[in-house]
J.: 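Structure incoming, see below.
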Amino acid sequence: MTFNSFKDCLKMFGFALANEGGYDVEDLKKKHDDLLKSLLGEPQEKNEVMAAYEFTWGSIISYKDPRGGVCSINVIWV
């Protein structure tokens with residue numbers, strides 16, 4: 001889990017699901033995308049590195065960092 005704050009207020013948290021059978025960033029990204037799609041439906045924006053769901057309070061993003069080789073689900077609010 002990751003937590004980010006700004007001026008002593010929590011603004012974002014991120015997490016990754018466990019990936020059974022070894023670490024493959026593409027498989028993990030698919031697992032994140034599938035989870036969010038089952039819970040939230042089709043994302044408003046999608047490309048090869050992210051799937052984003054926008055809300056009035058903020059956003060939920062499945063993100064893959066191609067250079068860092070990691071991916072996570074991030075919840076960000078304003």
J.: What pairs meet the salt bridge (charged side-chain N to carboxylate O under 4.0 Å, His left out) rule with one or both residues in residues 52-65, with sequence neighbours excluded?
T.: Glu26-Lys64
J.: Does Gly41 offer a backbone N or O that forms a donor-acceptor pair with the side chain of Tyr53 under 3.5 Å?
T.: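 A pair under 3.5 Å: yes.
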J.: If hydrophobic clusters are built by linking Ile, Leu, Val, Met, Phe, Trp and Tyr wherever their side-chain heavy atoms come under 4.5 Å apart, do Met12 and Ile61 end up in the same one?
T.: yes
J.: Which residue pairs pass the ring pair (Phe, Tyr, Trp, His ring centres under 6.0 Å) test with at least one member in residues 57-78, sequence neighbours excluded?
T.: Phe55-Trp57
J.: Are Leu36 and Ile76 linked, directly or through intermediate hydrophobic residues, by side-chain heavy-atom contacts shorter than 4.5 Å (ILVMFWY only)?
T.: no
J.: I need the Ser62 OG to Lys30 NZ distance, nearest 0.5 Å.
T.: 11.5 Å
J.: According to a 4.5 Å side-chain heavy-atom criterion applied to Ile, Leu, Val, Met, Phe, Trp and Tyr, with indirect links allowed, do Met50 and Phe13 form part of one hydrophobic cluster?
T.: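 No.
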J.: Where is the tightest heavy-atom contact between Asn74 and Gly14, given as atom of each residue plus distance?
T.: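 Heavy atoms only, the tightest pair is OD1-CA, 3.4 Å.
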J.: Is any side-chain heavy atom of Val49 closer than 4.5 Å to one of Pro66?
T.: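 Side-chain contact under 4.5 Å: yes.
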J.: Measuring from Cys9:SG to Asn4:CG, what's the distance to the nearest 0.5 Å?
T.: 13.0 Å
J.: If you look only at pairs with a residue in residues 6-17, which of them pass as a salt bridge (charged side-chain N to carboxylate O under 4.0 Å, His left out), with sequence neighbours excluded?
T.: none
J.: NE2/His32 to CD1/Ile60 distance, rounded to the nearest 0.5 angstrom?
T.: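 The CD1 atom of Ile60 is 13.0 Å from NE2 of His32, to the nearest 0.5 Å.
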J.: Would Phe6 end up clustered with Phe3 when hydrophobic side chains under 4.5 Å apart are linked, directly or stepwise?
T.: no
J.: Looking at Asp27 and Lys31, is any side-chain nitrogen of the basic one under 4.0 Å from a carboxylate oxygen of the acidic one?
T.: no
J.: Going from NZ on Lys29 to CD1 on Ile73, what distance comes out if it is rounded to the nearest 0.5 angstrom?
T.: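 Going from NZ on Lys29 over to CD1 on Ile73, the span is 9.0 Å.
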